[in-house]
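The first residue in the sequence is number 1, and the count goes up from there.
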Amino acid sequence: MGHGIAVALAKAGHQVGVFDIDPVVLSSLDDRVGQALSRIGVPPGQAGTVRDLVAPVASLPELARRSEIVVEAVSERLAVKHDVLAALESDIAPDTPIWTNTSVLSISKVAHAMAHPQRLVGVHWWNPPYLIPLVEIAPGASSDADVVEHAYDLITSLGKTTVRLHRDIPGFIGNRLQFALVREALYLLDEGVCEPETIDTVVRASLGLRWATVGPMENADYIGLDLTRAILANLAHDLSTQTNSFPTLDQLLEQARTGRPTGSGLLTWPDGRGDEVAARLEAGIRRGLSAN
């Protein structure tokens, strides 16, 4: 996510420094930025200008000293985020904003150990951030309203589709909706209703087409709230309410079948399928954007 966010910012003319604790990852920054620009069709001449705006930084203190805004995009582990934010706060001014790109954690919990929690705001980009237009902005319990407003305005100035949540909630909007669907899909597998491929076919050939143009709230109004209420009354009690029991998923994990990285998971992943899916995903996103 880090290099992708950097590309989105640099493409709008912002100078971006990037630090990663892994020197191998940091040394590959220019190549990954170049690949991202190529994927979104930026002409070579313009790509060179954008690449020049993204530079690796040798240390976290150097990054902190050079930054007007710091974007945190480390792993989704609270302890790791607390360590990184504590290190940042020792080197930046108390009023320097920090944007956390967490997609599932509470912003208030991320800010819990901070000396200046008012500077933290949730700015959740979707992957790949240089292509998907949505960015979700959420305050923590202590976030300064001006910091939240500034984040919203800057992200919107990039040409992004920016939404602002009224309060902090784990998962923001998008991931709560996405994983409610994933939970129900896993429940269908656990109940022996169908195969994983069937679920993907149903979503891609129905919901995926509809929701790209008409969201669930508009569709509820469109079909009528009386019908929506009747469907929920008949269906809601049969939907999954599981919070920590996912037999199909847990069995695969016990077998070390984690999906694409191991070649097998809910589906099989022969050589080349990962690249094919990535290409298909990006092509589909571009088609959707051009249609809108």
- Task: Sequence neighbours left out, what pairs pass side chain to side chain donor-acceptor pair (under 3.5 Å) with at least one residue falling in residues 10-29?
- Result: Ser28-Arg32
Would you mind reporting whether [Y] and [X] have side-chain heavy atoms less than 4.5 Å apart?
X: Val33; Y: Tyr130; result: no
X: His3; Y: Val18; result: no
X: Leu85; Y: Ile98; result: yes
X: Val135; Y: Tyr152; result: no
X: His150; Y: Ile69; result: yes

- Item | Heavy-atom neighbours of Leu225 CG exceed 12 at 6.0 Å |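 Yes.
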- Item | Option from Val163, Leu165, Thr162 for which side chain to side chain contact (heavy atoms under 4.5 Å, CB included) with Ile137 holds |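 Running side chain to side chain contact (heavy atoms under 4.5 Å, CB included) over Val163, Leu165, Thr162 with Ile137 returns exactly one hit, Thr162.
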Verify, without hydrogens or angle tests, whether [X] (side chain) and [Y] (backbone) share a donor-acceptor contact under 3.5 angstrom.
X: Arg176; Y: Pro170; answer: yes
X: Ser38; Y: Gln35; answer: no
X: Glu72; Y: Val74; answer: yes
X: Arg286; Y: Ile40; answer: no
X: Ser67; Y: Val70; answer: no
X: His82; Y: Met114; answer: no
X: Glu76; Y: Ser103; answer: yes

- Do Thr262 and Arg257 have a side chain donor and acceptor closer than 3.5 Å? no
- Query: At what distance, to the nearest 0.5 angstrom, does CG of Leu154 lie from NZ of Lys160?
  - Reply: 12.5 Å
- Task: Can you measure from CG (Leu188) to OG1 (Thr198) and round to the nearest 0.5 angstrom?
- Result: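 Going from CG on Leu188 over to OG1 on Thr198, the span is 10.5 Å.
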Could you tabulate the donor-acceptor pairs under 3.5 Å formed by side-chain atoms of residues 206-219, not counting sequence neighbours?
| unit_1 | atom_1 | unit_2 | atom_2 | d |
| --- | --- | --- | --- | --- |
| Ser206 | OG | Val202 | O | 2.4 |
| Thr213 | OG1 | Arg210 | O | 3.2 |

- Charged N to carboxylate O under 4.0 angstrom, Arg119 versus Glu89? yes
